[in-house]
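Okay, structure first, notes after.
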Amino acid sequence: MVGIMSREVSLEKIRNIGIVAHIDAGKTTTTERILFFTRRIHRIGEVDEGTATMDWMPEEQRRGITITAANTTCYWEDCKINIIDTPGHVDFTVEVERSLKVLDGCVVVFCAVGQVEPQTETVWRQADRYNVPRLAFVNKMDRIGANFNECVKQIVTRLGAQAHPIQLPVGSEDNFKGIIDLIEGKLITYEDSLGLEILKQEIPDELKADFLKTRNSLIERTAELDNEIMDKFIHNQDITTQDLKQAIRRITIKEHFVPILCGSSLKNKGIQPLLDAICDYLPSPVNLPPIKGIDPLTSEYEERIASDDAPFCALCFKVATDPYVGKLFYLRIYSGVLTSGSYVYNATKRSKERINKIVRMHANRQEIIEEANTGEIVAVVGLKDTKTGETLCDETTPIILEQMRLPEPVISMAIEPKTKVDQEKLGLSLRKFADEDPSFKVSYNSETGETIVSGMGELHLEVIVARMLREFNVGANVGKPQVAYKETITKKITTVGKFIQQTGGHGQYGHVIIEMEPSEEPNKGIVFIERIKGGVIPREFIPAVKQGILLAAKSGLLAGFPVTDVTVTLVDGSYHEVDSSELAFQMAASIAFNEGLKKAKSIFLEPIMDVEVVVPEEYMGVVIADLNTRRAKVSSLGKRTNARVIRCFVPLAEVFGYATALRSLTQGRASYTMEPSYYTEVPSHIAEKIVGSSTISTRR
């Protein structure tokens, strides 16, 4: 497995990048142009026509949106660029999350008209969390209402970015003619509609004042962040184009700076300079710190440097179902070399896996390769037990990389097969979707006999059902979407659980005393702490106690919803030398937890959505009045070009079907976006309705 192959390009020339943004900012259109100008494709496809290369899934082509992250490889100058094109809709945010986990850099695409939109803020925070250096590309400069300066201002103020333009647009809307390169001091224009014939010329006199002012501002900002430029700046030494490029690369890789570029992907303007910037300013694998993890045998801290000579280490960041080869496992190789036909070690599961085939992906097309080096993003065939987020490595030097953060579902619905024949197919299809998508959950409600599917939003579940019907030909009846409520407690209590059974032979004896209290921080789930003294419960039974608590937390007291944000501390108990067992302590812990819920005054929690409505001024009053009836809390009112922007927090239960209502109120002229924000207590009068409901299909 560790034989070294000859490289296509050196490790320093590899760029692993993602294209991320709010929905409809132009990510897939930008990616399509990148593939065209790098000669990866020979004809430009369009999202609206369903012909975009990266939107290969029939559901994507039908809806005109990206649903699943797709990756490809292209070459520009002497660099090899591995690209992941990600969805912009919040329902598919897990695709962005797991892509950013394995990327070295990203291009954040902004709409020059919409500027910084809600989902842009979300992906920006995700990039912050995974320490991903980034470029900003202000797209759609040809659209009516395009405002480059306002977009730059919002990138700085709303995202808190140390950002500055390295390009300026010449004109906007119908008059968008070209781009001024602030670093090289050239005017870039296009001679043809395809954008193939670039003309670089001196900057005209009428544009020079703006150019010099902005370039000086760029040099000052760079000097503040880079010592070498600062030294030249204060000593009045000449700062060359190369000096400036190298400095911007250094501070971008350190995440101290975000270069801002501009263009119009649809009109094929600004793509070649964007490709230059990707190669010039975004990092290669060797520019980043070694990947960190722990040794599963010793729990000691470990790290791997990006080198073909280092032990093999890769993260499985995505699993996809392929109609011809079965499952495809997408890997980011952090160190070492992977060879087709070799064995690897799944350090998370502690099991060996065989690599039957390695493929380089181009959207849904596969190119078989024999070996893959450090820094590559490839897919493999043949793994049996590996899941998303698990580490593959060399068995002699095991390591487990840090797990990725996966979002919790906020919406559920019941689904049942139409016929006996559909029953088996339904189970098979749901299992495959759950393997592919960690944000999609399947559970069974034994009380109602319903299969419950849970996801990130109405569109998420709608797409899953459509794919199930089309790809697996499953006939199914689908219930209406329901809110994924949760339960928690409101006060600290101590509770006791005993499980004692006496039969003919050995009996069962388990006895635990636990303290339960609300968690100090939200979104922590169930936190288990063990504070047993004097061996009153043997150590081998402690994991069974934790397991019993976690199982009991899956179904709460009020209406069977999962329990969350509770800290459980095991403080005391007792055991029997003969009759105690893991099962007995698991049962005792479950009994204690359920008794505790009765004493600790359980309450319902509901998901609150962060909603942004863009509405013409004349309809603002009726839209706010409607939001008030939906229990909305308006957080801000803003202005965007010729429209008003309402930012508010609304319970998910109140915004089912909101798209239709908003269209009706505004004659189809308003639009909105929303994303999950936090959970909060349900008002008592609504909680009574939930408890009183005869059938609650979101129970777990």
Side-chain angles (χ1 to χ4, degrees), residues 1-3 5 16 68-73 82 84 94-95 97-99 101-103 291 293-294 296-297 304 310-404 406 427-440 442 471-472:
M1 181 177 69
V2 186
M5 67 180 277
N16 291 314
T68 182
N71 79 287
T72 187
T73 301
N82 296 314
I84 299 182
V94 70
E95 294 286 339
E97 190 81 30
R98 59 185 175 185
S99 298
K101 172 71 176 171
V102 299
L103 292 171
I291 192 72
I294 59 165
L297 303 177
R304 294 281 185 274
F312 173 71
C313 167
L315 182 74
C316 176
F317 67 95
K318 179 174 177 173
V319 180
T321 303
D322 184 273
Y324 304 107
V325 300
K327 283 184 181 177
L328 279 169
F329 300 84
Y330 287 74
L331 306 182
R332 162 66 198 267
I333 301 175
Y334 287 103
S335 63
V337 177
L338 182 65
T339 310
S340 182
S342 63
Y343 284 88
V344 294
Y345 182 64
N346 183 325
T348 313
K349 293 263 177 67
R350 302 197 179 189
S351 62
K352 285 181 81 169
E353 295 266 41
R354 188 173 190 273
I355 305 294
N356 291 341
K357 185 168 72 170
I358 307 173
V359 294
R360 188 174 286 138
M361 299 300 294
H362 178 53
N364 63 328
R365 295 196 288 279
Q366 303 166 13
E367 173 195 337
I368 298 174
I369 56 176
E370 289 303 311
E371 291 182 308
N373 293 81
T374 299
E376 294 285 353
I377 294 176
V378 295
V380 299
V381 178
L383 307 182
K384 302 294 182 191
D385 299 324
T386 301
K387 298 271 194 294
T388 299
E390 295 181 349
T391 305
L392 299 176
C393 60
D394 194 318
E395 189 173 8
T396 58
T397 52
I399 185 173
I400 297 180
L401 302 177
E402 182 189 12
Q403 287 281 326
M404 62 183 71
L406 299 172
L428 175 68
S429 63
L430 292 179
R431 275 196 302 276
K432 286 194 173 181
F433 290 134
D435 284 344
E436 280 187 20
D437 185 351
S439 66
F440 174 70
V442 182
E471 293 175 24
F472 295 92

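It should be emphasised that the depicted structure is a prediction, and the values quoted were computed from it without experimental measurement.
Between atom CD1 of residue I400 and atom CG of residue L392 there is a gap of 11.5 Å, rounded to the nearest 0.5 Å. Rounding to the nearest 0.5 angstrom, the gap separating the CG atom in L331 from the CZ atom in F317 is 8.0 Å. With values rounded to the nearest 0.5 angstrom, F329 atom CZ is found 6.5 Å from C316 atom SG. Taking NZ of K384 as the reference point, atom NZ of K327 lies at 10.0 Å (rounded to 0.5 Å). Separation of atoms CZ (R304) and SG (C393) is listed at 7.0 Å; rounding is to 0.5 Å. For the atom pair CD of E436 and OG1 of T388, the computed distance is 9.0 Å after rounding to the nearest 0.5 Å.
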Exercise. Tell me, with the steps shown, if D385 and E390 meet side chain to side chain contact (heavy atoms under 4.5 Å, CB included).
Key: CA-CA 10 Å; D385 299 324; E390 295 181 349; 6.0 Å; no

Quiz prompt | Full working for side chain to side chain contact (heavy atoms under 4.5 Å, CB included) between I355 and L383 | solution = CA-CA 7 Å; I355 305 294; L383 307 182; 3.7 Å; yes

Practice problem: Could you give me the CA-CA distance, side-chain angles and deciding distance for L338 and V380, then say whether side chain to side chain contact (heavy atoms under 4.5 Å, CB included) is met? | Solution: CA-CA 10 Å; L338 182 65; V380 299; 3.9 Å; yes

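E402 CD: 12 or fewer foreign heavy atoms inside a 6.0 Å radius.
A side-chain donor-acceptor contact under 3.5 Å links T391 to the backbone of L401. Side chain of S335 to backbone of P311: a donor-acceptor contact under 3.5 angstrom is found.
A heavy-atom distance below 4.5 Å is found between the side chains of Y345 and R350. Within the 4.5 Å cutoff, no side-chain heavy atoms of E371 are placed close to those of V378. Residues K387 and T348 are not in side-chain contact: their nearest non-hydrogen atoms beyond the backbone lie 4.5 Å or more apart.
Results of the side-chain contact (heavy atoms from CB on, under 4.5 Å) test with M361 over N82, T72, I84, L328 single out L328 as the only residue that passes.
Looking at every heavy atom in both residues, V344 comes nearest to F312 through CG1-CE2, 3.7 Å. Shown here for I333 and A372, the closest heavy-atom pair between the two residues is CD1-CB, 3.5 Å. Closest heavy-atom contact between P438 and R98: CD-NH1, 3.3 Å. When all heavy atoms are compared, the tightest approach of S99 to L103 is O-CG, 3.0 Å. What you find for I358 and E370 is that their closest heavy atoms are CD1-O, 3.8 Å. Of all non-hydrogen atoms in G389 and L315, the two that sit nearest each other are O-CD1, 3.7 Å.
Under the side-chain contact (heavy atoms from CB on, under 4.5 Å) criterion, K357 pairs with V325, V359, Q366, I368, V381, sequence neighbours left out. For R354, the side-chain contact (heavy atoms from CB on, under 4.5 Å) partners at least two apart in sequence or on another chain are Y343, N356. Partners of F433 by ring pair (Phe, Tyr, Trp, His ring centres under 6.0 Å), not counting sequence neighbours, listed by chain and number: F472.
A salt bridge links E95 with K318: at least one charged nitrogen is closer than 4.0 Å to a carboxylate oxygen.
In this structure, R332 is not positioned above the aromatic face of Y330 in the sense of NZ or CZ being under 6.0 Å from the six-membered ring centre and within 45° of the axis.
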